[in-house]
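This report concerns only the one structure given below.
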There are 2 protein chains.
Amino acid sequence: MAETRWLDDAEQRAWRGYLRMNTVLGAALSRQLQVDSTLSLPDFEVLVHLTDVEDERLRVSELARVMRWEKSRLSHQVTRMERRGLVAREECLSDGRGAFVVLTGAGRDAIEAAAPAHVDAVRRLFFDAITADDVDALAGISQRVIARVEANDVCPS
Amino acid sequence: MAETRWLDDAEQRAWRGYLRMNTVLGAALSRQLQVDSTLSLPDFEVLVHLTDVEDERLRVSELARVMRWEKSRLSHQVTRMERRGLVAREECLSDGRGAFVVLTGAGRDAIEAAAPAHVDAVRRLFFDAITADDVDALAGISQRVIARVEANDVCPS
DNA sequence: CCAACTTGGATGACGTGTCAACTATTCCGT
DNA sequence: ACGGAATAGTTGACACGTCATCCAAGTTGG
């Protein structure tokens, strides 16, 4: 490998800014959820995907796939959520190995209560701070970076 | 609160893209470090700040301040790094409560070995994927969002 | 049919982060 | 000088993520 090319001034500004935006925005949104609701950000994501489907139930592996989570991560998360009654596990009759994750009434209540304030926070803290051009620019940047990273990874999906 | 205004199409694209860029880029960079070095991303950050100062030593609270980490978080991190010999704690003579975090030889070796590949990864996965205009746009977006979030928080810094 | 392989999922160990509680020192007003 | 408040730092409990491992149930080739 040739000698390392370090970041120039503009790049440093952008990189540090990006990192810091991530941390402060992520922290603010997750704190907002914890304060205004009974849900964490990971809880919220799981419940969003469950409410999105017909029967409010999904096979564990299918849920992991659409969320792009590792099976193990989802399994741990479901264990924690099950303990609090937000979801339930149910066995799959047609495949003895399989399991469903099922939305419970408490889970539905929780996300319905939490969603409006969360969306408001995203709008208030993010979209209200930037212009329509910024929105498009960011969408483009994201797509290009994602493509680059995934081309770099072993990416057999 | 009036009824919630949900995200429109362009906003959804930008938001999902942004979130996904965060996760894939963060995962790729932290995996790169773990594979090519003996350091994690948090290890790396701590060591960067220690190598940045004159004596390669900082008071715990000063280090926490410049990194914008909670004291508690830093204390846990230092405990783990101390266990691996990357840093050491030293008591402060002029203030009986205080403590220094000191870079060790092993810590210096570790970050010198890890830094080039990490910077290369940032360039390759991020800056090589976007244009100079994108860099400036992102810096601007970040600044505005950070300002907005910090205005929203209780922000007595 | 059955042994090898694959797949779905759970689990345990450990690193990381937050929050709340705690200890020990220093500071400060009277 | 002394008692209460602020400060420095650690600790423990718990949530979250990753990795490696394990197990049970399905699949498949001979």
Side-chain angles (χ1 to χ4, degrees), chain A residues 22-24 26-35 37-46 57-84 86-102 153 156, chain B residues 22-24 26-35 37-46 57-84 86-102 153 156:
Chain A
N22 272 4
T23 61
V24 302
L29 292 178
S30 90
R31 229 160 43 73
Q32 176 273 319
L33 260 188
Q34 309 230 283
V35 167
S37 82
T38 60
L39 299 177
S40 67
L41 220 34
D43 295 338
F44 189 87
E45 291 177 58
V46 168
R57 84 175 41 219
L58 276 174
R59 284 291 291 272
V60 172
S61 51
E62 179 62 10
L63 183 51
R65 200 182 57 72
V66 298
M67 297 186 71
R68 307 185 195 238
W69 280 18
E70 290 187 14
K71 294 179 310 173
S72 160
R73 178 183 180 184
L74 181 56
S75 185
H76 282 303
Q77 182 67 30
V78 167
T79 299
R80 288 186 297 262
M81 293 177 72
E82 194 178 16
R83 207 183 295 142
R84 290 189 295 142
L86 298 170
V87 298
R89 277 190 238 250
E90 259 179 47
E91 50 181 281
C92 175
L93 300 179
S94 64
D95 185 338
R97 298 164 300 183
F100 287 98
V101 186
V102 189
D153 283 354
Chain B
N22 270 5
T23 61
V24 301
L29 291 178
S30 91
R31 229 161 42 74
Q32 176 274 320
L33 260 187
Q34 308 229 286
V35 167
S37 82
T38 60
L39 300 177
S40 68
L41 221 35
D43 296 337
F44 189 88
E45 290 177 59
V46 169
R57 84 175 40 219
L58 277 174
R59 284 290 292 272
V60 171
S61 51
E62 178 62 9
L63 183 51
R65 199 182 55 72
V66 299
M67 298 186 69
R68 310 190 197 233
W69 279 20
E70 290 188 16
K71 296 179 309 176
S72 161
R73 176 184 180 182
L74 182 56
S75 186
H76 283 301
Q77 182 67 30
V78 167
T79 299
R80 288 185 299 260
M81 293 177 73
E82 196 179 15
R83 208 182 293 143
R84 289 189 294 144
L86 298 170
V87 299
R89 276 189 238 252
E90 259 179 47
E91 51 181 283
C92 175
L93 300 177
S94 65
D95 185 337
R97 298 164 300 184
F100 287 98
V101 185
V102 190
D153 284 352

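Below, chain A is the first sequence line, B the second, and so on; all start at residue 1. Because the structure is predicted, anything quoted here is derived from the model rather than measured.
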Between A:Val87 and A:Val102, is a side chain to side chain contact (heavy atoms under 4.5 Å, CB included) present by the stated rule, with each step listed?
CA-CA 5 Å; A:Val87 298; A:Val102 189; over 6 Å; no
Round to a whole Å and report the spacing from [atom1] of [X] to [atom2] of [N].
X: B:Arg68; N: C:dT18; atom1: CZ; atom2: P; answer: 15 Å
X: B:Arg84; N: C:dT16; atom1: CZ; atom2: C1'; answer: 12 Å
X: A:Arg80; N: C:dG17; atom1: CZ; atom2: C1'; answer: 13 Å

Do [X] and [Y] come within less than 4.5 Å of each other through their side chains, counting heavy atoms only?
X: A:Leu58; Y: A:Val101; result: no
X: B:Trp69; Y: B:Val46; result: yes
X: A:Arg89; Y: A:Val78; result: yes

Let me spell it out: for each of A:Arg83 and B:Gln34, pick the nucleotide of DNA chain D with the closest heavy atom. Which residue's pick is nearer the 5' end?
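This one resolves to A:Arg83.
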Drop me the distance from [X]'s [atom1] to [Y]'s [atom2], to the nearest 0.5 angstrom.
X: A:Met81; Y: A:Thr79; atom1: CE; atom2: OG1; value: 11.0 Å
X: A:Arg80; Y: A:Leu86; atom1: CZ; atom2: CG; value: 12.0 Å
X: B:Ser61; Y: B:Asp95; atom1: OG; atom2: CG; value: 8.5 Å
X: B:Ser75; Y: B:Glu70; atom1: OG; atom2: CD; value: 11.5 Å
X: A:Arg97; Y: A:Arg59; atom1: CZ; atom2: CZ; value: 8.0 Å

Touch class at under 4.0 angstrom, heavy-atom based, for B:Thr79 against every strand present:
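The residue B:Thr79 makes no contact with any strand.
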From the options A:Thr38, A:Asp43, A:Leu41, select the one residue that forms a side-chain contact (heavy atoms from CB on, under 4.5 Å) with A:Leu33.
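That would be A:Leu41.
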Can you tell me which residue among A:Glu45, A:Gln77, A:Glu62 is in a side-chain contact (heavy atoms from CB on, under 4.5 Å) with A:Met67?
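Only one option passes, and that is A:Glu45.
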Output the residues of residues 89-102 of chain B in contact with DNA chain C, where contact means a heavy atom of the residue under 4.0 Å from an atom of the strand; sort by number or write none.
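B:Asp95, B:Gly96, B:Arg97 - these, ordered by number, are the residues of the stretch whose heavy atoms sit under 4.0 Å from the strand.
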Going by heavy atoms closer than 4.0 Å, what residues in residues 69-78 of chain A are next to DNA chain C?
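Result for residues 69-78 of chain A: A:Lys71, A:Ser72, A:Ser75, A:His76, sorted by number.
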Heavy-atom contact window of chain A on DNA chain D, given 5' to 3' at under 4.0 Å:
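Terminal contacting nucleotides, 5' to 3': D:dA15 to D:dG26.
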